[in-house]
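Right, one structure below, let's go through it.
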Amino acid sequence: MSADWRSCAVCLEELPDHELLTHLSCGGALCHVCLEATSKHYGAAGFQCPVCTAEVNPAEDFVAAPPSTGNKCSKRVLTIPVQFRYDYEDNDGQNKMKLFGHPRMVYLANETQGESLFSAIERFLPFQVPYKIVLTDGQGYLCSRCMYNIHCTGCELVREVEITLQSGDHLTVICEEITQHQLDLAEQVSDHESLKDLRSQDPLTIQDCFHAFTESELLDEHNPWFCPKCQHNQCARKTLTVWRYPDTLVVYLKRFVFHELCSTKLDNKVLFPVNNFDVSGFVSGPTDESMTYDLQSCVCHFGGVNAGHYTAFSKNPSTNQWYYYNDETTTQQDPSDNDSSSVYVLFYQRKDGQLPFSLPPNQPTNQHLEDQKQPSSDITDETPIDKNIENTVINEHEMKQILAQLKSSEESETTRPVENSVQKSPLSNSFDFYS
């Protein structure tokens, strides 16, 4: 319906062509209110068109378009906010205004009868008291039509006439005879029944996740189970259980899900125990082993589906101290509940299944190795060198001689004729080949 409307270049209000004044040179459109306000702003200094900035005479260069004679519709539906205001006089005799209650929305045509407007407002009045409706801005204290320097608190609307609304209008319902009890009732908040379907924002525990994992699921006709006996789809109940837990338990939290045709990440807080995590309530097999686990490390994820950053906590098995790894930075830090919204993968170790950990024997230090590489000053050219001494230093000249000897020996081996013989192995039925 608004395809034939244009916007004012100043207030951006969408109006039909016959309600706008058009500059003949550039085609810029202004509404009557903005043209009058702009003329007052420039005064005798010369009026400049807000579109092309050329000096013009508003009375001659801005003309109104003729009313449309075709089938073009000049009406449209507006979304008008509605708010409630209490006007009263304080103890000092000064007039005060106070907004109360909760704002509402009403859908009205831009040209509507006053009776229709008042009937729409009366549907959500908080209580039956005398009232009046005025046009205001979004704050509810000043008029949306009058100039700000007039300090108009709202132009009143009446039932008996046709009312023309604009997209920037707000309807404010003024009540003057209300009590404090009625004001308190209007401020009350009641939850809609749809809020019951929202997920709780309270932190979860890892035990809650295990309960959800082992909870029975009803397979209805939309997701049936194929029965191998009758060879037909049947409604059934599916339950997942754990028969036996491993020594190292890896818990993977499903934080990335596909919901409503898009992928999203769940940032719910999941509280996890660092020590004495008992899984005895979530096992269906034998429990001859310990069902208590201690956390050894965990991986955290920050960000969303498209981009993110990984960090990790890990416990030193020799000192039992926790460390936090963030790229090249390592700090001594214990995992806590503050990490419950970012924890992603947890690694638990059974208490009686922890293997003994010890560092390898002390290796020679770097300085000791350097000392071994240095040739001893006591060794001369005439001193015989024991071939069993390790880390013997060979200079470049000696290395070339050794390589030359190896090369000559390989050439002699390749030129010598080879005779093959086959001998039956006395220990097996296979043959051993010698050359």
Quiz item: What's the shortest heavy-atom distance between Leu30 and Cys8, and which atoms?
Solution: CA-SG, 3.8 Å
Practice problem: Name the orientation class of the two ring planes belonging to Phe100 and Tyr86 (parallel below 30°, tilted from 30 to 60°, perpendicular beyond 60°). | Solution: perpendicular
Self-check item: Side-chain touch Leu295/Phe272, heavy atoms, less than 4.5 angstrom
Solution: yes
Self-check item: Nearest heavy-atom neighbours spanning Gly304 and Lys265
Solution: CA-CD, 4.3 Å
Quiz item: Is atom CG of Asn306 surrounded by more than 12 heavy atoms (other residues, nucleotides or ligands) closer than 6.0 Å?
Solution: no
Quiz item: Considering residues, nucleotides and ligands other than Gln139, do more than 12 of their heavy atoms fall under 6.0 Å from its CD?
Solution: no
Quiz item: Of the non-hydrogen atoms in Pro335 and Trp322, which two are nearest, and what is the gap between them?
Solution: CD-CD2, 3.5 Å
Exercise. Working to the nearest 0.5 Å, report the span between CG of Asn110 and CD1 of Ile163.
Key: 12.0 Å
Self-check item: Tyr107 atom OH, over 12 foreign heavy atoms within 6.0 Å
Solution: no
Exercise. In sequence, state the C-alpha distance, the side-chain angles, and the governing distance for Tyr325 and Ser314, and then conclude on side-chain hydrogen bond (donor to acceptor under 3.5 Å, both in side chains).
Key: CA-CA 8 Å; Tyr325 300 92; Ser314 183; 4.9 Å; no
Practice problem: Could you check Cys227 against His232 for side chain to side chain contact (heavy atoms under 4.5 Å, CB included), going step by step and ending with a plain yes or no? | Solution: CA-CA 6 Å; Cys227 180; His232 290 88; 5.9 Å; no
Exercise. For residues Lys315 and Val274, determine if any side-chain heavy atom of one lies less than 4.5 Å from a side-chain heavy atom of the other.
Key: no
Practice problem: Please check if atom CD in Gln128 has more than 12 non-hydrogen atoms from other residues, nucleotides or ligands closer than 6.0 Å. | Solution: no
Quiz item: Do Pro273 and Tyr348 have side chains that get closer than 4.5 Å, going by heavy atoms?
Solution: yes
Practice problem: Could you tell me whether the side chain of Glu187 and the main chain of Gly101 form a donor-acceptor pair under 3.5 Å? | Solution: yes
Exercise. Check whether any side-chain heavy atom of Arg350 lies under 4.5 Å from a side-chain heavy atom of Leu249, and answer yes or no.
Key: no
Quiz item: Taking Asp90 for the side chain and Asp92 for the main chain, is one N or O donor matched with an acceptor at less than 3.5 Å?
Solution: yes
Self-check item: Derivation and outcome, side chain to side chain contact (heavy atoms under 4.5 Å, CB included), residues Leu157 and Leu135
Solution: CA-CA 7 Å; Leu157 305 179; Leu135 292 171; 3.8 Å; yes
Exercise. Find out whether Asn326 and His309 are in side-chain contact, i.e. whether some heavy atom of one side chain is under 4.5 Å from a heavy atom of the other.
Key: yes
Quiz item: Atom CZ of Phe213 and atom OG1 of Thr241: how far apart are they, to the nearest 0.5 Å?
Solution: 9.0 Å
Exercise. Please answer whether the main-chain N or O of Thr179 pairs with a side-chain N or O of His181 as donor and acceptor at a distance below 3.5 Å.
Key: no
Self-check item: Worked check of side-chain hydrogen bond (donor to acceptor under 3.5 Å, both in side chains) between Thr329 and Asp327
Solution: CA-CA 6 Å; Thr329 305; Asp327 288 342; over 6 Å; no
Practice problem: Using a cut-off of 6.0 Å, state whether more than 12 heavy atoms not belonging to Glu177 lie near its atom CD. | Solution: no
Practice problem: Look at the side chain of Thr112 and the backbone N and O of Ala109, then say whether any donor-acceptor pair between them is shorter than 3.5 Å. | Solution: no
Self-check item: Candidate pair Asp169 and Ser144, rule side-chain hydrogen bond (donor to acceptor under 3.5 Å, both in side chains), full reasoning
Solution: CA-CA 6 Å; Asp169 289 335; Ser144 60; 2.9 Å; yes
Self-check item: Test applied, ring pair (Phe, Tyr, Trp, His ring centres under 6.0 Å); reference residue, Phe282; option that passes from Tyr293, Tyr245, Phe210
Solution: Phe210
Quiz item: Would Phe84 and His102 count as a side chain to side chain contact (heavy atoms under 4.5 Å, CB included) if you check the C-alpha gap in whole Å, the side-chain angles of each, and the deciding distance to 0.1 Å?
Solution: CA-CA 8 Å; Phe84 302 93; His102 307 286; over 6 Å; no
Exercise. Assess whether side chain to side chain contact (heavy atoms under 4.5 Å, CB included) is satisfied between Leu35 and His32, documenting all intermediate values.
Key: CA-CA 5 Å; Leu35 183 62; His32 292 272; 5.8 Å; no
Quiz item: For Glu115 and Ser119, which heavy atoms make the closest approach, and how far apart are they?
Solution: O-OG, 2.8 Å
Practice problem: Could you tell me whether the side chain of Cys209 reaches within less than 4.5 Å of the side chain of Leu253, counting heavy atoms only? | Solution: yes
Self-check item: Approximate separation, where rounding is to 0.5 Å, of Asn223 CG and Glu217 CD
Solution: 6.5 Å
Quiz item: Is the backbone N or O of Leu266 less than 3.5 Å from a side-chain atom of Arg255, with the two atoms forming a donor-acceptor pair by type?
Solution: yes
Exercise. Kindly indicate whether the side chain of Leu117, heavy atoms from C-beta on, has any atom under 4.5 Å from the side chain of Leu165.
Key: yes
Quiz item: Quick one: CG on Leu142 to CD1 on Ile150, what's the gap to the nearest 0.5 Å?
Solution: 11.0 Å
Practice problem: Using a cut-off of 6.0 Å, state whether more than 12 heavy atoms not belonging to Arg159 lie near its atom CZ. | Solution: yes
Quiz item: From Met291 CE over to Arg244 CZ, what is the distance, rounded to the nearest 0.5 angstrom?
Solution: 10.0 Å
Quiz item: Can you tell me if Asp339 and Ser342 form a side-chain donor-acceptor pair at under 3.5 Å?
Solution: no
Quiz prompt | Minimal non-hydrogen separation, Gln83 against Thr136, with atom names | solution = NE2-OG1, 3.6 Å
Quiz item: Taking the six-membered ring for Trp, are Phe256 and Tyr344 ring centroids under 6.0 Å apart?
Solution: yes
Quiz item: For Asp184 and Gln188, does a side-chain donor sit closer than 3.5 Å to a side-chain acceptor?
Solution: no
Quiz item: Is the number of heavy atoms from other residues, nucleotides or ligands within 6.0 Å of CG (Asn149) greater than 12?
Solution: yes
Practice problem: With the side chain counted from C-beta on, respond yes when Asp294 and Gln349 share a heavy-atom pair under 4.5 Å apart, and no when they do not. | Solution: no
Quiz item: How long is the gap from CD on Gln48 to OG1 on Thr53, to the nearest 0.5 Å?
Solution: 6.0 Å
Practice problem: Over all heavy atoms of both residues, which pair between Asp137 and Tyr141 is shortest? Give the atoms and the distance, please. | Solution: OD1-N, 3.8 Å
